[in-house]
Protein chains: 2
Amino acid sequence: MATGRTHRPATRSRGIPEATVARLPLYLRALTALSERSVPTVSSEELAAAAGVNSAKLRKDFSYLGSYGTRGVGYDVEYLVYQISRELGLTQDWPVVIVGIGNLGAALANYGGFASRGFRVAALIDADPAMAGKPVAGMPVQHTDELEKIIEDNGVSIGVIATPAGAAQQVCERLVAAGVTSILNFAPTVLSVPDGVDVRKVDLSIELQILAFHEQRKAGEEAAADGVVPPVAAKPHRKGPDGDVPAVMPA
Amino acid sequence: MATGRTHRPATRSRGIPEATVARLPLYLRALTALSERSVPTVSSEELAAAAGVNSAKLRKDFSYLGSYGTRGVGYDVEYLVYQISRELGLTQDWPVVIVGIGNLGAALANYGGFASRGFRVAALIDADPAMAGKPVAGMPVQHTDELEKIIEDNGVSIGVIATPAGAAQQVCERLVAAGVTSILNFAPTVLSVPDGVDVRKVDLSIELQILAFHEQRKAGEEAAADGVVPPVAAKPHRKGPDGDVPAVMPA
DNA sequence: TGCTGTGAAACAGTTCACAGCG
DNA sequence: CGCTGTGAACTGTTTCACAGCA
């Protein structure tokens, strides 16, 4: 029922701010790159640059994890990699199912970054009987009928939904009923899930629309600089059929 | 150079909060669905439920756009669709190029939601000469050599990067040099762009890691409820080789 | 009366600036 | 001395609660 419901209201002491959690993977990636180049230590300044944030924010973020740096020196790369991995729960590996093996699902299945750090694709599932048994990314696609069995047999708690929008809610419900408690949703729909289930969404067209908004703004500013009225300017604070609106006014 | 640099610091009056902008596409989608069902008006409560937010937030969001509702009644669906589309800049259409036509790029090219609302795929570009001319989503793939020409000829200002991580920064620079000012990045890298260029990133493995974090937390809580020490509990605030850390301690 | 629109309060996240440790 | 770690100030976002209009 509750739709955007995420985890608990951040109980006092043990709470790492959500914004910080969202940046840990970024730090981890930057640190892993340094580790591969055998760099032993980094300063907050250097690491922040590599991760694309500012150093004050990075230090504050790390302060929630504990005091892992050395004053006057910086952070030990290997040690931090381990601490962040542990904090993110990547020291265990998470079996994941991908439901909906269309173009996108197949692309996700083939995505290398999956298998690398802590995640393992346990199964690919599709509703199309013609897909069943066909190998995608070296793995046979299984039919939706098997969904519950697969989840239970593999102890899957994370599901990826890459179905068309129309099927997403139903798939979601089956995943949740079978025991999945975290869902990554690529379908352009709002999913309703019970409390205690986390949903994150990845939505191409939303991202594009946000870019378009800013793009339009830039265009408007240039025009304004040229002495032209920007397309969005002079919004009437009262609505009304003031020429502004095309053939789609209220009845 | 500046990495996370987004738009201006929200100049007073004309500024719609970023958080609001990010939700407008959600409202628009819900409204479009209502519109297709010929629903004439919605209350903030109903629309909020459809978009998966709470109604106070929705009303506050709309209040930044102007007073588009009718007290005691609600919002006119068609009218709001238009206002939000206009605010997002979707009344014009935006030519977009996709660079990197691997699994993911092809999936994006095939994604219907693209063409629908305000966006048009102007070209598919890949560095592999073997791909050149091959049709993907009914469109011939063009070689990277053509990139600058394509951008200029089509007046493209939005680029989608779906290349491997290693190629992303270079592609980004070419896009920007050719005139692109908004980038949607699917490659798992931090892109550096000059001021005035917007970047949004979509990153599968980051999303999964965030889910893993919460998932681990849930598991820890269950264990705690069973009287077992949760995996992340009792973090030593001073670091040190106290059994906690495996073979990866600082030198 | 039933809804929107919005100040004001509460909360979350970021940035500043510097104390304090190695 | 150079860097981390962190209170304190600030900025942005959400929620509350209700005045005010159709």
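Order of the sequence lines fixes the chain letters, A, B, ..., with proteins taken first and strands second; residue numbering starts at 1 for each chain.
The distance from atom CG of A:Leu80 to atom CG of A:Leu47, rounded to the nearest 0.5 Å, is 7.0 Å. Distance check, rounded to the nearest 0.5 Å: CD of B:Gln92 to CZ of B:Arg86 gives 12.0 Å. Separation of atoms OG (B:Ser44) and OH (B:Tyr27) is listed at 10.0 Å; rounding is to 0.5 Å.
Ranked by how close their nearest DNA chain C nucleotide is to the 5' end, B:Phe62 and A:Ala56 are led by B:Phe62.
The side chain of B:Arg71 sits closest to C:dG2 out of D:dA8, D:dT13, C:dG2. With D:dT4, D:dT13, C:dT4 as the candidates, the nucleotide lying closest to the side chain of A:Ser43 is D:dT4. Distances were taken from every side-chain heavy atom of A:Lys60 (C-beta onward) to each of C:dA8, D:dT13, D:dG7; the shortest belongs to D:dG7.
Rounded to an integer number of Å, the gap from A:Glu46 CD to D:dG2 C1' is 12 Å. A straight line from OH of B:Tyr68 to P of C:dT6 spans 12 Å, rounded to a whole angstrom. Rounded to an integer number of Å, the gap from CD1 of B:Ile16 to C1' of C:dT6 is 16 Å. Rounded to whole Å, the distance from CG on B:Asp61 to P on C:dT4 is 14 Å. Straight-line distance from the CD atom of B:Gln83 to the C1' atom of C:dG5: 16 Å, rounded to whole Å. Rounded to whole Å, atom C1' of C:dT4 lies 14 Å from atom OH of B:Tyr27. The OH atom of A:Tyr79 sits 16 Å away from the P atom of D:dT4 (whole-angstrom rounding). What separates CG of A:Leu58 from P of C:dC16 is a distance of 15 Å, to the nearest Å.
The neighbour count for A:Glu45 CD, taken as heavy atoms of other residues, nucleotides or ligands under 6.0 Å away, does not exceed 12.
Between B:Ser44 and C:dT4 there is a side-chain N or O to OP1 or OP2 distance below 4.0 Å. Distances shown here put a side-chain N or O of A:Lys57 below 4.0 Å from the OP1 or OP2 atom of C:dT15. Within the structure, every side-chain polar atom (N or O) of B:Tyr64 is placed at least 4.0 Å from both OP1 and OP2 of D:dG12. One finds a side-chain N or O of A:Asn54 lying less than 4.0 angstrom from the OP1 or OP2 phosphate oxygen of C:dT15. Contact annotation: A:Arg23 side-chain N/O to C:dT14 OP1/OP2 distance is under 4.0 Å.
No hydrogens or angles were tested; on distance alone, a donor-acceptor pair under 3.5 Å links the side chain of A:Arg59 to the base of D:dG5.
Across all their heavy atoms, B:Gly52 and A:Val190 have their closest contact at CA-CG1, 4.0 Å.
With hydrogens and angles disregarded, a donor-acceptor distance shorter than 3.5 Å links the side chain of A:Ser43 to the backbone of A:Glu46.
The distance between the ring centers of A:Tyr68 and A:Tyr79 falls below 6.0 angstrom.
Shown for residues 28-40 of chain A: no residue has heavy atoms falling under 4.0 angstrom of DNA chain D.
One side chain, A:Thr20 or A:Asp61, offers a donor N or O that lies under 3.5 Å from an acceptor on the other.
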